[in-house]
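Since the structure comes first, as structure tokens, the remarks are kept for the end.
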Amino acid sequence: MLNIYTSEKRDKLTFKPRNGKEVMMYVCGPTVYDSCHIGHARPAVVFDTIRRYLEYAGYAVTFMSNITDIDDKIIRRAGELGISCAALASRYQDEYEADMAALGVRSPTIRPKATEHIQDMIDLIKDLESKGIAYCTSRGVWFDVSKFADYGRLSGKVTDDDSTEHRVETDPEKRNQQDFALWKFSKPGEPEWESPWGAGRPGWHIECSAMSGKYCGMELDIHGGGADLCFPHHENELAQSEAATGKIFANYWMHNGFITVAKDDGEEIKMGKSKGNAFWLREAFKVSSPMALRFWILGTHYRMPLLYKPSLLKSAESSIKRIYTCVEALGEKIAAIAEGEEKAPAYLIKWGETAPAERMGADFVAAGFGAEVIKLGTEFISAMNDDFNTPKALAAIFDFVNAANSALAAMGGQDAYAASQMLISVLGVLGLPPERPAAAGVGGDDYIRLLVDIRTEARVKKDFALSDEIRDKLAAIGVQLNDKGGETTWTVS
RNA sequence: GGCGGCGUGGCCAAGUGGUAAGGCAAGGGUUUGCAAAACCCUCAUUCAUCGGUUCAAAUCCGGUCGCCGCCUCCA
């Protein structure tokens, strides 16, 4: 039984999609006006993992994630660079998609762009206007929050106007100061679309409602995003959507915690918009592999705050290597199985053939190392069913790695196969590949082979000075040699 | 001012009533020509702090201290 924390109730609820095994999931995507910083990685990785787990649990997931390609920030930045908004957005959307791919984030089922859904937004605003909920002023079209009794239901923000002292601007034309823009009239030179009220562009919040309306009738099961989006963005989405349809917009509101940055090794890393520090994702990729960064994100529960510092990425890199090494060791055991011999033991087949949702608590008795294999699967599911507790899931994986390493010497091929299959499968749910990333730029395998052969000759002749020199110098460029028996293998980092 | 979150070993981080998971780092040992990897052992009588409830609290309640987020664009 899967339990999900929803921000609206501030509690965990048993997950029950509206429509059997179909899950409609919408996650707010980026505004593409600049390169990704590490903060962009967290929601992408978190919700990608949630999507993967839901699929593992047997749900058919429609995963929608938008690209905001028109808004004030884009207009400003495009002006600074002297290029069109479309060109700017296109450039940074490409960058975003490449960076997310490096993190193992799968493409959404649907990736709608705001500028391709202007008419859907206009239709929605017209609907709201016809219901008397939207009104027009000299600056644009607004949503009248006083017409939506439930305003504030999601975020718990009070709706009285007493605390206006902290508001930046008050607009005397607005009926309530919390009213938000559905449509903004354009100023000269700004991108604009025709509308019944005048040329302009959509407000920020309307796109998510309109696009989820187009693709699933504004009836979401899960709506996700960063914690900062809870208010006002999601509160406003909820208001305009439910005001239009009269139906619950989303049953589970999920918000990932923020990444904060801190001093590390005496060096201060500032969080901010200034360029060129380790805050940028591509800078972080220089500290560790993207997969170690993904591992680092999953090492903390998604709702908790996450501290960023380079040493934690290095730590994650060490951790993930331990997993790779185990998978490789199991692989060698499997390779030793005789040709034509049956690989998968009965209990693994039984596990694999059972409906994922029913695996928990089911009877998967297996003797010997099989008990560990089943335990990994069971504990993994148990952890993930508890509001996607990935740190707990990783702990189960490390317990298993330890057990596997201990049992390795005496392990038979079938158990090794089962162990490997289970391990690879749960890693896959977390979006972590089971093998080391192929290293590039260290030189071809042929050159390393050549040096290793020379070293092997030296070792045969007991010329350890030369053999150690070769090993140390290769290590210095990231090639780690491992002598096992008479054979030398290597890994590249 | 309003709403919310966090504070667990050197560094991270699970754990929301039953007597402290896991990772990284560190030290000792086994193995190895030496390494690497792996394995074994050690590493929080204690969970910011004070008080309360309870047979029992890191976990519940109240106070205090510290840090952070949202209320304005922000993942």
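Proteins get letters first, then strands, A, B, ... in listed order; numbering begins at 1 in each. It should be emphasised that the depicted structure is a prediction, and the values quoted were computed from it without experimental measurement.
With both ends at atom C1', the span from B/A57 to B/U42 equals 29 Å, rounded to whole Å. A distance of about 41 Å separates the C1' atoms of B/A37 and B/G5, rounded to the whole Å. The same atom, P, is picked in B/G62 and in B/C68; the two are 24 Å apart, to the nearest Å. The separation of B/A20 from B/C6, taken at their P atoms, amounts to 23 Å, rounded to a whole angstrom. A gap of 8 Å separates the P atoms of B/G17 and B/C60, to the nearest Å. Straight-line distance between the C1' atoms of B/G66 and B/U49: roughly 10 Å, to the nearest whole Å. Rounded to a whole angstrom, the distance from the P atom of B/U46 to that of B/G4 is 34 Å. Taking atom P on both nucleotides, B/G23 is separated from B/G52 by 38 Å, rounded to a whole Å.
Judged purely by distance below 3.5 Å, without hydrogens or angles, the side chains of A/Asp144 and A/Asn176 pair a donor atom with an acceptor atom. Defined by atom type and a distance below 3.5 Å, a donor-acceptor pair is missing between the side-chain atoms of A/Ser209 and A/Glu237. Between the side chains of A/Asn3 and A/Thr14, at least one donor N or O sits under 3.5 Å from an acceptor N or O. For the 3.5 Å distance criterion, the side chains of A/Asp69 and A/Gln93 fail to qualify, holding no donor opposite an acceptor.
Within the structure, every side-chain polar atom (N or O) of A/Asn389 is placed at least 4.0 Å from both OP1 and OP2 of B/A21.
Residues A/Ser155 and A/Phe231 share a closest heavy-atom pair of OG-CD1, 3.2 Å. Residues A/Leu427 and A/Pro434 come closest through the heavy atom pair CD1-CA, 4.2 Å. When all heavy atoms are compared, the tightest approach of A/Cys28 to A/His223 is SG-NE2, 3.6 Å.
Taking the six-membered ring for Trp and the full ring otherwise, the centers of A/Trp204 and A/Phe180 sit at least 6.0 Å from each other. For A/Phe369 and A/Phe400, the ring centers sit closer than 6.0 Å to each other.
Stacking here means ring centres nearer than 5.5 Å and ring planes tilted less than 30 degrees, and by that measure A/Phe258 does not stack onto B/G69.
At whole-Å resolution of the value, CZ in A/Phe380 and C1' in B/A14 are 15 Å apart. A straight line from CE of A/Met304 to C1' of B/G4 spans 12 Å, rounded to a whole angstrom. Rounded to whole angstrom, the span from the CZ atom of A/Arg76 across to the P atom of B/U72 amounts to 18 Å. Atom pair A/His234:NE2 and B/A75:P shows a separation of 12 Å (rounding to whole Å applied). Here the C1' atom of nucleotide B/C74 and the NE2 atom of A/His255 are 14 Å apart, to the nearest Å. Put simply, OH on A/Tyr302 is 17 Å from P on B/A13, counting in whole angstrom units. For the pair A/Tyr308 OH and B/A13 C1', the interatomic distance rounds to 18 Å; values are reported in whole Å. In this structure, A/Leu408 atom CG and B/U31 atom P are separated by 19 Å, rounded to whole Å.
Toward the 5' end of RNA chain B, the nearer of the two residues A/Ser318 and A/Tyr5, judged by each one's closest nucleotide, is A/Tyr5. For the pair A/Arg10 and A/Leu306, nearest-nucleotide mapping onto RNA chain B gives the more 5' position to A/Arg10.
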Quiz item: Where does RNA chain B pair, written as one dot-bracket string 5' to 3', with Watson-Crick or G-U pairs under 3.5 Å, ( ) inside the strand, [ ] for crossing pairs and | for another strand?
Solution: ((((((((.[[[..)..(...]]].(((((.......))))).....[[[[[..)....]]]]])))))))....

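Checked by distance alone, A/Lys309 brings no side-chain donor or acceptor within 3.5 Å of a matching partner on the base of B/C12.
For the pair A/Arg303 and A/Tyr5, the cation-pi criterion (under 6.0 Å, within 45° of the ring axis) is fulfilled. For the pair A/Arg436 and A/Tyr324, the NZ or CZ position fails the cation-pi test of under 6.0 Å to the six-membered ring centre and within 45 degrees of the ring normal.
Counting any heavy atom pair closer than 4.0 Å across all strands shown, A/Gly226 reaches sugar-phosphate atoms only and no base atom. Residue contacts shown for A/Ser155 are limited to sugar-phosphate atoms, with no base heavy atom under 4.0 Å away.
The side chain of A/Lys157 approaches B/C70 more closely than any other nucleotide in the set B/C70, B/A21, B/G23. Residue A/Asp386 has its side chain nearest to B/G15 when only B/G15, B/G2, B/C74 are considered. The nucleotide whose nearest atom lies closest to any side-chain atom of A/Leu312 is, among B/C74, B/A13, B/C12, B/C12. For A/Ser315, whose side chain is taken as the heavy atoms from C-beta onward, the closest listed nucleotide among B/G23, B/C68, B/C70 is B/G23.
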Exercise. For nucleotides 32-39 of chain B, just jot down a letter per nucleotide in 5' to 3' order: B, S or -, based on protein non-hydrogen atoms under 4.0 Å.
Key: -BBBBSSS

